[in-house]
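Please read the structure below before turning to the comments.
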Amino acid sequence: MIKTLLKETKQYKVDAFKTPMYMLLEVAMEMIIPLLMAVIVDDGVNKGDMGVILKMGAFMLVMAGIGLFAGIRGGTVGARAATGLARNLRSAMFRNIQTFSFRNIDKFSQASLITRLTTDVTNVQNAYQMTLRMGTRAPASLIVAMILSYSIEPKLANVYLVAVVILAIILTIGLFSVFKIFSVLFEKYDKLNNSVQENITGMRVVKAYVREEHEKSKFSKASRNLAKQFIKGESIIAFTAPVMMFAVYGCILLISWFGANMIVVDELTTGELMSMLAYCMNILVSLMMLSVVFLMISISTAAAKRISEVLEEKPDIVNPENPIEEIKDGSIDFEMVDFSYNEDGSGKVLENVDLHIKSGETIGVIGGTGSGKTTLVNLISRLYDVNSGEVRVGGENVKNYDLDVLRKEVSHVLQANVLFSGTIYDNLRWGDVDASDEECQKMCDLACASEFIERMPEGYNTRIEQGGTNVSGGQRQRLCIARALLRKPKILILDDSTSAVDTATDAKIRKSFREEIPNTTKIIIAQRVSSVQDADRIIVMDDGNICGIGTHEELLADNEIYKDVYESQTGAGSGDFDEEEKDG
């Protein structure tokens, strides 16, 4: 885990090395100053020697100046190293997420990935900066102060040693308890973020079903659980502060008492007592700093583990060594394909699928929810890989193709129609970044999207809000189809992508496909029979198996499942809405 994270220090390694060096220099200056103070008191003030006072005072100013410079530089380069690490971690995580297959993505919730990219990285950043600065400064200061204290007066220095041992035991017990609390805390962060994300993305549904109170209650519960854990952890942390201060003032009192008695019998000088008191503060403050460092490390350990999980996740779908860079045609073959979402192959979603589609064919796919329709087409563009069997496109196993080439030639309009912030042109050019305005408009004509775009005040320069919330479901679907067409693919897959448009518009879109892109293989998944009945062939799926293939007329004659679906959709009182120009 640590090795994985430290790889991302990269160009900030020099800053990470400089920071503790500056901290050690600062400590050295701080440790010299009490010795100079002792000389000023004993040889200057007590003996009335102004020359010693001025000389030692000048040295102290120089030492303080060097210490100030070292502290400022240490803080600056330390901050740069920590923020640089955070930047690299976020970039590395984001880059790795982009390589994930759908199976990889399924391992992490969206809320969890967002928490890991934000809160977790921030915790690691703070801990790293604290470790570079205080993690060097505190132990160095404590050790040097202890050594110098024993060199001045071992008997008084034993007071520090006893206090340090007792405090170390108390802090270790407290920090161990805090670590366990914060390990659980990040899971509760995920639940809170998930609650917020669901509520915001589903705001329209929440209001439509008057579920505001339920959502507020769910959020409050998650928030309360998070607060309880924080309070529990912070209570333990808060307990350490008064214990530390009690130890500091207790040591000062004991050293002052014993030191005063030793001065009376000439076993200790006034200047030495002042140095001992200064080192007392250094030792105990250093111990307090160390406790904070260990606390930050405790908090960040759980965060670091979660970040490493994302960085170390290996995509299970990768390019072969010598990938094929060109797809011959749009033919598709499934050879005895089995597929399961479980890595062990249990719970098969597709079983013994044997299917052959010619280039340029229009294929309809119909079946009930959970029948495997979407899973079937996801295998064509390698969004998932088969457990057994083989999927071929253009006569070659899809595993032999370069992934980018395959997915450019297999244009997929997914069930979830996603638009991004930007103009309509910006969204369309996801299909082809170099597409001209004329090409964009032509594809919108084919997708029957131009009719509503031209009615908008700014036409194709109309801005789409995040998620496409300012256009209707049918309009969003048509924009996504136009975007896919801009790829000029050899295979076009529409996964229930016309469900929100009326049947008249659906028919227009299919007519455009037949006339304008006859050589493109078209696979249309639909719930409505009317959307697929004029396809060259229709595939009927049930429970992960193909239970019928044929034309509309053939299936009506000999396939009971297709016949039942057709009759249920065309029977009395269950017709479609066929009004012209309806946007869904």
Any salt bridge between Lys10 and Glu8, counting N to O under 4.0 Å? yes
Shortest non-hydrogen contact from Cys440 to Tyr425? CB-CE2, 3.8 Å
With the side chain counted from C-beta on, respond yes when Ile317 and Leu403 share a heavy-atom pair under 4.5 Å apart, and no when they do not. yes
Is it the case that the side chain of Gln475 and the backbone of Ala449 share a donor-acceptor pair, with hydrogens and angles ignored and the cut-off at 3.5 Å? no
Begin with the C-alpha distance, continue with both residues' side-chain angles, and end with the deciding distance and a verdict on side-chain contact (heavy atoms from CB on, under 4.5 Å) for Leu494 and Ile525. CA-CA 6 Å; Leu494 302 181; Ile525 297 176; over 6 Å; no
Under 3.5 Å donor-acceptor, Thr423 side chain and Asn461 backbone: no
Drop me the distance from Ile491's CD1 to Ile327's CD1, to the nearest 0.5 angstrom. 6.5 Å
Contact summary for Tyr401 and Pro323, nearest pair of heavy atoms: C-CB, 3.9 Å
Examine the side chains of Ser331 and Asp329 and answer whether a donor and an acceptor come within less than 3.5 Å of each other. yes
Is the shortest distance from a Lys or Arg side-chain nitrogen in Arg429 or Asp437 to a carboxylate oxygen in the other one below 4.0 Å? yes
Tell me yes or no: between the side chains of Thr375 and Asn378, is some donor less than 3.5 Å from an acceptor? no
I'd like to check Val124 versus Leu89 (side-chain heavy atoms, cut-off strictly below 4.5 Å). Are they in contact? yes
Return the minimal non-hydrogen interatomic distance between Asp354 and Met336, and the atom names on each side. OD1-N, 3.7 Å
Please tell me if the side chains of Ser450 and Tyr460 come closer than 4.5 Å, counting only heavy atoms from C-beta onward. yes
Straight-line distance of Thr118 OG1 to Asp120 CG, nearest 0.5 Å: 7.0 Å
Would you sort out whether Lys488 and Glu439 count as a salt bridge (Lys or Arg N to Asp or Glu O under 4.0 Å), showing the intermediate values? CA-CA 11 Å; Lys488 300 180 181 64; Glu439 287 177 306; 3.3 Å; yes
State the CG-CD1 distance between Asn352 and Ile546, to the nearest 0.5 angstrom. 10.5 Å
Short question: side chain of Asp536, backbone of Ile363 - any donor-acceptor pair under 3.5 Å? no
Just do the side-chain contact (heavy atoms from CB on, under 4.5 Å) check on Arg407 and Arg382 with the steps written out, would you? CA-CA 8 Å; Arg407 289 172 184 170; Arg382 281 196 82 192; 4.1 Å; yes
Check whether any side-chain heavy atom of Phe513 sits under 4.5 Å from a side-chain heavy atom of Leu485, and report yes or no. yes
Applying side-chain contact (heavy atoms from CB on, under 4.5 Å) to Asn88 and Gln11, what does each step give before you reach the verdict? CA-CA 10 Å; Asn88 288 346; Gln11 68 270 39; 3.4 Å; yes
When rounded to the nearest 0.5 angstrom, what distance separates CG in Asp445 from CD in Glu516? 9.0 Å
May I ask you to say whether Arg478 pairs ionically with Glu451, meaning some side-chain N is under 4.0 Å from a carboxylate O? yes
Output yes when Arg463 and Asp426 qualify as a salt bridge under the 4.0 Å nitrogen-oxygen rule, no when they do not. no
Can a salt bridge be assigned to the pair Arg392 and Glu390 using a cut-off of 4.0 Å between side-chain N and carboxylate O? yes
Can a donor-acceptor pair be found, under 3.5 Å and without considering hydrogens, that links the side chain of Arg116 to the backbone of Arg306? yes
For Glu326, I'd like to know if atom CD has over 12 heavy atoms of other residues, nucleotides or ligands within 6.0 Å. no
Has the side chain of Ser223 got a donor or acceptor atom that lies under 3.5 Å from a matching backbone atom of Phe219? no
Just do the salt bridge (Lys or Arg N to Asp or Glu O under 4.0 Å) check on Lys216 and Glu212 with the steps written out, would you? CA-CA 6 Å; Lys216 284 192 283 187; Glu212 291 92 343; over 6 Å; no
Can you measure from CD1 (Ile464) to CZ (Arg476) and round to the nearest 0.5 angstrom? 9.5 Å
Determine whether a donor-acceptor pair (N or O, by modelled atom type, separation under 3.5 Å) exists between the side chain of Glu313 and the backbone of Ile105. no
Test Met541 against Leu350 for side-chain contact (heavy atoms from CB on, under 4.5 Å), laying out the working first. CA-CA 10 Å; Met541 298 197 68; Leu350 296 175; 3.7 Å; yes
In short, Arg483 meets Leu428 closest at the heavy-atom pair CG-O, 3.7 Å
Under 3.5 Å donor-acceptor, Glu554 side chain and Thr551 backbone: yes
If only side-chain N and O atoms count, and only distance matters, is there a donor-acceptor pair under 3.5 Å linking Asn319 with Asp402? yes
Between the side chains of Arg510 and Asp534, is the shortest nitrogen-to-carboxylate-oxygen separation below 4.0 Å, so that they form an ion pair? yes
Any heavy-atom pair between the side chains of Leu419 and Glu465 that's under 4.5 Å? no
Quick one: do Lys358 and Glu361 make a salt bridge, cutoff under 4.0 Å? no
Taking Tyr562's backbone N and O only, do any of them form a donor-acceptor pair with Asn559's side chain (distance below 3.5 Å, no angle check)? yes
Considering all heavy atoms of both residues, which atom of Ile453 and which atom of Cys444 are nearest to each other, and what is their separation? CD1-SG, 3.7 Å
Ion pair Lys373/Asp496, N-O distance below 4.0 Å: no
Has the side chain of Arg90 got a donor or acceptor atom that lies under 3.5 Å from a matching backbone atom of Leu117? yes
Hey, could you give me the CD1/CD1 distance between Ile549 and Ile539, rounded to the nearest 0.5 Å? 5.5 Å
Among Thr521, Asn519, Thr520, exactly one meets side chain to side chain contact (heavy atoms under 4.5 Å, CB included) together with Ile517. Which residue is that? Thr520
Would you tell me whether Ser371 and Asp542 have side-chain atoms, one donor and one acceptor, within less than 3.5 Å of each other? no
Just so I know, are the side chains of Tyr566 and His552 near enough to count as touching, which here means a heavy-atom distance under 4.5 Å? yes
Side-chain donor/acceptor of Ser308 to backbone N/O of Ala304, under 3.5 Å: yes
Are Lys328 and Glu409 within salt-bridge range, i.e. N to O under 4.0 Å? no
Report yes or no: do Asp316 and Ser101 form a side-chain donor-acceptor pair below 3.5 Å? yes
Take Asp506 and Ser531 through the test side chain to side chain donor-acceptor pair (under 3.5 Å) and record every step on the way to the result. CA-CA 7 Å; Asp506 189 8; Ser531 296; 2.4 Å; yes
With the side chain counted from C-beta on, respond yes when Ser512 and Ile509 share a heavy-atom pair under 4.5 Å apart, and no when they do not. no
What class does the angle between the rings of Tyr384 and Tyr341 fall in, given that below 30° is parallel, 30 to 60° is tilted and above 60° is perpendicular? perpendicular
Test Leu379 against every option in Val337, Val353, Asp385, Val398 by the side chain to side chain contact (heavy atoms under 4.5 Å, CB included) rule and name the one that passes. Val337
Pairing donors with acceptors under 3.5 angstrom, does anything connect the side chains of Ser497 and Gln477? no
May I ask you to test the Gln527-Ile366 pair for a side-chain heavy-atom distance under 4.5 Å? no
